[in-house]
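The structure under discussion appears below in the form of structure tokens.
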Amino acid sequence: MKNGKVRWNPARIKRLYKSGKNVSQIAQAIGCPPATGNNRVRHLLVSAGLCQVAESHGPERKPKPRNTNRPRTARDWPPKNWGNKWATG
């Protein structure tokens, strides 16, 4: 799309969508190279109310459990359960 020959005419994009073209065909018809411009076309159609945003179909993602078997590092020393055992004074 660096060549500047893409013509973002919302009226033409809406007309192409209503005539039965899908998003990738519309993007190529207005001058985008293949596999580019699809998101811009889809967002234009969504803002015009012609196309709906797809719903996610998967389950909600659970947070990953914390790795308790990680190697020891300097931040682990001294252990939290030492208490005041080694304090002098």
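The closest donor-acceptor contact from the side chain of Gln28 to the backbone of Gln25 lies at 3.5 Å or more, if one exists at all. Of the possible polar contacts, one joining the Ser47 side chain to the His43 backbone as a donor-acceptor pair under 3.5 Å is found.
Scanning all heavy atoms of the two residues, the minimum distance from Cys32 to Gly37 falls at SG-CA, 4.0 Å. Scanning both residues, Gly31 and Val6, for their nearest heavy atoms gives O-CG2, 3.6 Å. For the residue pair Asn38 and Ala27, the shortest heavy atom distance occurs at OD1-CB, 3.6 Å.
Considering CH2 of Trp8 and CD1 of Ile30, their distance stands at 4.0 Å, rounded to 0.5 Å. One distance of note links CG of Leu16 with CD1 of Ile26; it measures 5.5 Å at 0.5 Å rounding.
Judged as a side-chain hydrogen bond (donor to acceptor under 3.5 Å, both in side chains), and not counting sequence neighbours, Asn9 has no contacts.
Shown are Leu44, Asn39, Ile13, Leu45; of these, the side chain to side chain contact (heavy atoms under 4.5 Å, CB included) with Val23 is made only by Leu45.
Lys14 is listed as a side-chain neighbour of Leu50, based on a closest heavy-atom distance under 4.5 Å.
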